[in-house]
Each structure stands twice: as C-alpha cells, then as structure tokens.
Amino acid sequence: MAFGLGANLGDRKSAIAAALAELALNVEITAISSVYETAPYGLRDQPAFLNCCVAADTTRSARSLLGLAASLESRLGRRPRERWGPREIDIDLLLYGDQIIDEPDLVVPHPGLLDRAFVLVPLAEIAPQRAVPGRDVTVGGALARLARTPGDVRRVGGPIDASDRAAP
C-alpha cells in the first residue's frame with residue numbers, strides 16, 4: 001500500500017516528519033520517497049507544498065487506514081478548509097495492494113493518482129514498476145504519460161527518517 005503526504009502551512013517538513021513518525025507506529029514502512037516542493041493543485045493562490053510518498057505493509061483494512069489518516073491529520077493540526085486549499089498536513093491512501101475500492105467515502109486507487117505529478121513523481125521514485133489496479137499502467141508509466149510543466153515538482157531533500165520526530 002502507499003500513502004501520499006503533503007503540507008503547505010507552518011513548518012511543512014516537521015509536519016511531514018511527524019506524520020511519518022505516527023504512521024510508523026501503525027504500519028510497517030518499507031520505503032519513503034525524497035521530499036519534493038510542488039506547485040499547488042486546484043486552488044493556485046496558496047503557498048507551495050512539500051510532498052512525499054510512503055510504501056508500507058500492514059494487516060489493517062483500507063477503511064482502518066482511512067480512519068488512521070484522518071485521525072493523524074486532526075492530531076497534527078489540520079483544520080477544515082476549502083477543497084484543494086492550504087493545509088497543515090494531508091495524508092492520502094493512494095494504493096491498497098491490488099484492490100479496487102469504490103465507496104462514497106473511500107476510493108482506491110486514489111481518484112487523482114494518475115493526474116497529479118506531485119503524487120506520481122515521489123511514488124515513482126519508490127515504486128516505479130508498481131501496477132495501478134484497474135488501469136493498464138505502472139506508476140512509472142503513468143508518470144511518463146503525464147503532461148507536465150517545468151518546475152512543477154522539484155526535489156528539495158532526501159527521504160525524511162520516520163524515526164526523526166514524534167508527533168507533538
């Protein structure tokens with residue numbers, strides 16, 4: 001399975017580090033991508049994001065992981081705002097094994113996965129050959145097909161160590 005993490009308010013790197021530390025208490029993290037600075041998606045008039053992706057193993061259900069992500073976002077200070085607006089932390093379940101889930105509040109693979117460079121670039125770093133369930137493409141193949149603009153996703157640092165910082 002894979003998560004996408006992002007933040008564009010406050011200390012973005014610390015927010016991602018805290019989310020990684022909390023995730024590591026709940027799932028077995030197998031890979032963490034580098035950190036990328038990315039242009040905002042949707043609502044453009046906001047600060048740039050830091051993003052990374054995480055691959056992990058777990059016996060938890062996708063529904064449980066969705067709840068975990070929401071709980072961590074809340075504990076780490078995320079407040080409700082407009083769609084695609086700024087956020088203290090964002091944790092999205094991108095992939096869950098080879099499952100396809102289509103429920104009103106849980107869609108896996110993430111519905112925007114194949115359209116967003118800020119997800120595909122870090123995910124392709126850690127899982128380029130990973131097949132996207134229900135699509136005839138790998139993560140790396142989807143990235144290769146994606147129309148991009150220069151500088152839309154820029155590597156700004158290596159992977160954050162999930163043990164570096166516990167959540168506040």
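Using a 4.5 Å heavy-atom cutoff, the side chains of I160 and C52 are not in contact. Side-chain contact between V54 and V27: absent, with no pair of heavy atoms (C-beta onward) separated by less than 4.5 Å. Looking at heavy atoms from C-beta onward, Q99 lies out of side-chain contact with V108 at the 4.5 angstrom threshold. No side-chain heavy atom of F3 sits less than 4.5 Å from a side-chain heavy atom of L94. A 4.5 Å side-chain heavy-atom check between I32 and I126 finds every atom pair outside the cut-off.
Side-chain heavy atoms closer than 4.5 Å link hydrophobic residues (I, L, V, M, F, W, Y) into clusters, and following such links, even through other members, never connects V107 to L120. Residues V137 and L95 share a hydrophobic cluster, clusters being chains of Ile/Leu/Val/Met/Phe/Trp/Tyr side chains in contact below 4.5 Å.
Across all their heavy atoms, C53 and L123 have their closest contact at SG-N, 3.7 Å. Between A124 and L143, the shortest heavy-atom contact is CB-CD2, 3.7 Å. Shortest non-hydrogen contact noted between L146 and L114 is CD1-O, 3.6 Å. Scanning both residues, P109 and P133, for their nearest heavy atoms gives CG-O, 3.5 Å. Residues Q46 and P86 approach most closely at OE1-N, 2.8 Å, considering heavy atoms. Heavy-atom minimum distance, N51 versus G6: ND2-CA, 3.5 Å.
Atom OH of Y96 sits about 12.0 Å away from atom CG of L66, to the nearest 0.5 Å. Remark: D57 CG to T30 OG1 distance equals 5.0 Å, nearest 0.5 Å. From L65, atom CG reaches atom CD1 of I91 across 11.0 Å, with rounding to the nearest 0.5 Å. Going from atom OG of S61 over to atom CG of L68 covers 10.5 Å, rounded to the nearest 0.5 Å. Between the CD1 atom of I16 and the CG atom of L23 there is a distance of 11.5 Å, given to the nearest 0.5 Å.
For the salt bridge (charged side-chain N to carboxylate O under 4.0 Å, His left out) condition, the pairs that include at least one residue of residues 99-111, sequence neighbours left out, are R63-E103, R63-D105. The ring-ring contact (aromatic ring centres under 6.0 Å, His included) contacts involving residues 126-146 comprise nothing, where partners must be two or more places apart or lie in separate chains. The ring-ring contact (aromatic ring centres under 6.0 Å, His included) contacts involving residues 53-73 comprise nothing, where partners must be two or more places apart or lie in separate chains. Residue pairs meeting the salt bridge (charged side-chain N to carboxylate O under 4.0 Å, His left out) criterion with at least one partner in residues 26-39, sequence neighbours excluded, are R12-E37, E37-R154. Applying the salt bridge (charged side-chain N to carboxylate O under 4.0 Å, His left out) rule to pairs touching residues 122-149 yields R148-D152, sequence neighbours excluded. Under the ring-ring contact (aromatic ring centres under 6.0 Å, His included) criterion, no residue pair touches residues 129-155, with sequence neighbours excluded.
D98 pairs by the side chain to side chain contact (heavy atoms under 4.5 Å, CB included) definition with nothing, not counting sequence neighbours. For D90, the side chain to side chain contact (heavy atoms under 4.5 Å, CB included) criterion is met by E73, R78, R87, D92, not counting sequence neighbours. Remark: N26 engages R60 in a side-chain hydrogen bond (donor to acceptor under 3.5 Å, both in side chains) (not counting sequence neighbours). In this structure, the ring pair (Phe, Tyr, Trp, His ring centres under 6.0 Å) partners of F118, at least two apart in sequence or on a different chain, are Y41. When the side chain to side chain contact (heavy atoms under 4.5 Å, CB included) test is applied to R155, the partners found at least two apart in sequence or on another chain are S34, Y36. With sequence neighbours left out, A144 forms a side chain to side chain contact (heavy atoms under 4.5 Å, CB included) with no residue at all.
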